[in-house]
Amino acid sequence: MKKGCRYGTHRVLSPAGTLPQPAQRLDNTMEVYDNEVLIDVSTLNVDSASYTQIKQACGKDAEKMKQMILSIVEERGKLQNPVTGSGGMLIGTVKMIGENFPKNKLKVGDKIATLVSLSLTPLKIKKIKKLVPESDQVDVEAEAILFESGLFATLPHDIPEKLALAALDVAGAPAQVDRLVTEGDIVCIIGGGGKSGILCCYQAMQNSGPSGKVIVVEFSKENAKRIADLNLATDIIVADATNVMDVYNKVMEVTGGRGCDVTVNNVNVPSTEMTSILITKGQGHVYFFSMATSFTKAALGAEGVGKDINLIVGNGYAKGHANLTLNIIRESKEIRELFEKLYV
Amino acid sequence: MKKGNKYGIHRVIEPLGVLPQPANKIDNNMDEIYDNEILIDVQTLNIDSASFTQIEEQAGGDKEKIAQIMLDIVAKQGKHRNPVTGSGGMLLGTVEKIGDALKGKTDLMVGDKIATLVSLSLTPLRIDKIKDIRPDIDQVDINGKAILFESGIYAKIPKDMPETLALSALDVAGAPAQTAKLVKPGDTVLIIGAGGKSGMLCCYEAKKRAGVTGTVIGLCHSEKSTKRLQELNLCDYVFAADATQPVPILEKLEEITKGQLCDVTINNVNITDTEMISILATKDNGIVYFFSMATSFTKAALGAEGVGKDVNMIVGNGYTKGHAEITLQILRESEVLRKVFTELYA
């Protein structure tokens, strides 16, 4: 077997010197290097931004969408949408393991979900078996390569595959909350009603305990009600997160003017950086999970108001994140039912 | 005196409800101050370099025109926020009046010479006269007044060094102070963009905190800055490479650290596409500190996930408690750095 690089640079065809994600084109020959895993792919879970773009470009025509996905993979050796730059995840069965892939992690026949983006995963599609424009899960006959550094989760037997996939998609967020929040903390989750928000709320309630507080800021009344019904917060504020002073005043009221130890930002709209900064107390943490975060707005914003706080870039990966997330689904019947209803 | 808001919202004229920085127009009436404000008699404006370069180009290098553009900006907005670059700068001046609510609470006294460390892009300013423009160091001497809000940060100008030298170091005070907080004895530290102004200060502070058991690696770009940093003798290793090409740098770092990689990586380079090397250079559970304003949030977030790196990535905060003292102390302690800073920036 040929020797591969840990990060998969041996698969980069152009431009040379880059990593697989920014690369234009990857080598998707399905002959494994010594540190790779070959996967027999059953379902692609296309990233929602990418899927929406494909759907719009094809006028919701399933045949055209199939054609577009095939041609992206044909051209790039991976399913990285050229417009949005994003990928997605996949489910499949381990078919072959390179001799130098870390031992005892996987065996042939294991059913896994890859947790690295499709935007860097070598992929070859033989056939698209089922594509329904309304669902971003596409059933295929295909093969893919997982690099040595690539993340994956072995699919559990006690949770249906598609439910597991929906939860694993946002596994990073609750795992980071688990690290940051300790007993007695005041936590604010901005955008707490969405998929990752709900998981974050659950974990924050667990960690902050009876002496802590979990405050949810939600724009939609419906989502706020859901959080209240599921008992996932101690305080709920319905407000527009871009309206800095409104949210600030409401949070100060709830916290008796103290502000929050940890603020988690999950909203996918721009200009919520300042709100996150102002409601956090000195030496506290702001965790930005939102991909709409502007680096400069966060950096200059904190300096502008003289706040000595820790501003953290959300990392989708944390050790043990898949297990922690699946455990939430196991522990909380309510969240499981809700996810089954909404996302499967 | 009228009661003011901590963040200066009472000065915002339009649009209402926003903070002073994003506001288009703020009230720069200095005849009456609010109870939590400090009135400053301004001596020098240190315009942000991106902003000054833009103004200079627009004026075709003509000093009269530069002055006119600056006056127009302040007349229109009540602050010196460049409408093209969005950036401000800092100022040097003397405390003239202190609001009632701050008396006894602030360590400032009337007559103290201070530099404001919050951006001019949110500082109420009135310019009465532009006296002198020094284009090579982006400084403009004026007659004028400014307001510091209760939340505004400042540094007292020390008596043991020239004002311009202090000002040039305070401009980047956040980076070395954060380095001081992050680096622990024995750490392996990588400074990307180590040859620049904030990079050199970070190297010094990193070595001081990492100690004899630690390793500080300086990554530079140009031959000139590499040579300068080597001569300063602040780092254990210095080398030149293109930070946008991660693979060769990673190989070199693996060799230097014997495959262990870095506990702390500090990114100071103002060019795009250096997120990946910052992530790859750092060991699991290590810290990446992004000081570069050219950092892309999504490239950092998706990049770490893509290579399965469990690293803590932090957005550089220009402010941390005690940052001015830490930075000025470096210039007192290190004679070689003081000399380089005097030559290059003062």
Side-chain angles (χ1 to χ4, degrees), chain A residues 5-9 17-22 85-87 115-117 119-120 147-151 172 243-246 248 271 274 278 282-283 286 288-321, chain B residues 5-9 17-22 86-87 117-119 121-122 149-153 174 244-248 250 273 276 279-280 284-285 288 290-321 323:
Chain A
C5 151
R6 180 172 157 73
Y7 299 111
T9 52
T18 61
L19 286 156
Q21 192 158 42
S86 55
L115 303 179
V116 279
S117 175
S119 65
L120 59 85
F147 299 131
E148 186 182 338
S149 65
L151 306 168
N243 188 337
V244 183
M245 291 323 288
D246 183 42
Y248 172 77
S271 299
M274 221 41 233
L278 277 193
Q283 314 296 326
V286 182
F288 289 106
F289 257 106
S290 158
M291 284 298 145
T293 306
S294 150
F295 185 89
T296 44
K297 276 187 190 164
L300 297 176
E303 184 181 331
V305 294
K307 275 265 186 177
D308 186 4
I309 53 177
N310 211 3
L311 307 168
I312 313 178
V313 179
N315 184 344
Y317 172 59
K319 279 210 183 83
H321 69 329
Chain B
N5 165 281
K6 185 175 174 190
Y7 300 111
I9 294 166
V18 301
L19 287 157
Q21 193 158 40
S87 55
L117 302 179
V118 277
S119 176
S121 66
L122 59 85
F149 297 130
E150 188 181 343
S151 65
I153 43 180
T244 64
Q245 295 286 317
V247 179
L250 186 63
D273 295 318
M276 224 42 237
I279 293 165
L280 288 176
D284 268 358
N285 298 317
V288 184
F290 288 109
F291 256 105
S292 158
M293 284 299 144
T295 307
S296 150
F297 185 89
T298 45
K299 279 185 189 163
L302 298 175
E305 186 181 333
V307 293
K309 273 273 187 175
D310 189 358
V311 291
N312 301 307
M313 296 178 285
I314 308 185
V315 177
N317 183 345
Y319 174 61
T320 180
K321 282 217 176 78
H323 69 331

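We name chains A, B, ... by the order of the sequence lines, and we start the count at 1 in each one.
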Structural part of [X] lying under 4.5 Å from a heavy atom of chain A:
{"X": "B/Ile153", "value": "side chain"}
{"X": "B/Leu302", "value": "both"}
{"X": "B/Asn285", "value": "side chain"}
{"X": "B/Lys309", "value": "both"}
{"X": "B/Met276", "value": "side chain"}
{"X": "B/Phe290", "value": "both"}

Once rounded to the nearest 0.5 Å, what's the spacing between atom [atom1] of [X] and atom [atom2] of [Y]?
{"X": "B/Ile314", "Y": "A/Asn310", "atom1": "CD1", "atom2": "CG", "result": "4.5 Å"}
{"X": "A/Tyr317", "Y": "B/Asp284", "atom1": "OH", "atom2": "CG", "result": "6.5 Å"}
{"X": "B/Leu19", "Y": "B/Ser151", "atom1": "CG", "atom2": "OG", "result": "8.5 Å"}
{"X": "A/Ile312", "Y": "A/Phe289", "atom1": "CD1", "atom2": "CZ", "result": "9.5 Å"}
{"X": "B/Lys299", "Y": "B/Ile279", "atom1": "NZ", "atom2": "CD1", "result": "11.5 Å"}

[X] versus [Y], closest heavy-atom pair with distance:
{"X": "B/Asn5", "Y": "A/Met245", "result": "ND2-CE, 4.3 Å"}
{"X": "A/Ala299", "Y": "B/Gly316", "result": "CB-O, 3.3 Å"}
{"X": "A/Ser119", "Y": "A/Ser86", "result": "CB-C, 4.2 Å"}

Portion of [X] that has a non-hydrogen atom of chain B nearer than 4.5 angstrom:
{"X": "A/Lys307", "value": "both"}
{"X": "A/Glu148", "value": "neither"}
{"X": "A/Ser290", "value": "backbone"}
{"X": "A/Phe147", "value": "neither"}
{"X": "A/Val305", "value": "both"}
{"X": "A/Leu151", "value": "side chain"}

I'd like to know which of [options] tops the heavy-atom pair count under 4.5 Å against chain B.
{"options": "A/Leu19, A/Thr9, A/Asp246", "result": "A/Leu19"}
{"options": "A/Leu115, A/Leu278, A/Asn243", "result": "A/Leu278"}
{"options": "A/Gln283, A/Arg6, A/Gln21, A/Lys319", "result": "A/Lys319"}

> Which one of B/Gly152, B/Gly306, B/Ser119, B/Ala304 has the most heavy-atom pairs closer than 4.5 Å to chain A?
Replying inline: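 Maximum pair count with chain A is reached by B/Gly306.
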
> So which of B/His323, B/Lys321, B/Gln21 has the biggest tally of heavy-atom pairs under 4.5 Å with chain A?
Replying inline: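 With the most close heavy-atom pairs to chain A, the winner is B/Lys321.
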
>> Within the structure provided, determine whether A/Leu311 and A/Ile309 are in side-chain contact (heavy-atom separation under 4.5 Å).
In response: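 Yes, at least one pair of side-chain atoms sits under 4.5 Å.
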
> Quick one: are A/Phe288 and A/Val313 in side-chain contact, heavy atoms under 4.5 Å?
Replying inline: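 Heavy-atom side-chain distance check fails, nothing below 4.5 Å.
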
> Looking at B/Val247, B/Leu250, B/Val288, which one forms a side chain to side chain contact (heavy atoms under 4.5 Å, CB included) with B/Leu280?
Replying inline: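 For B/Leu280, the side chain to side chain contact (heavy atoms under 4.5 Å, CB included) check succeeds only for B/Leu250.
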
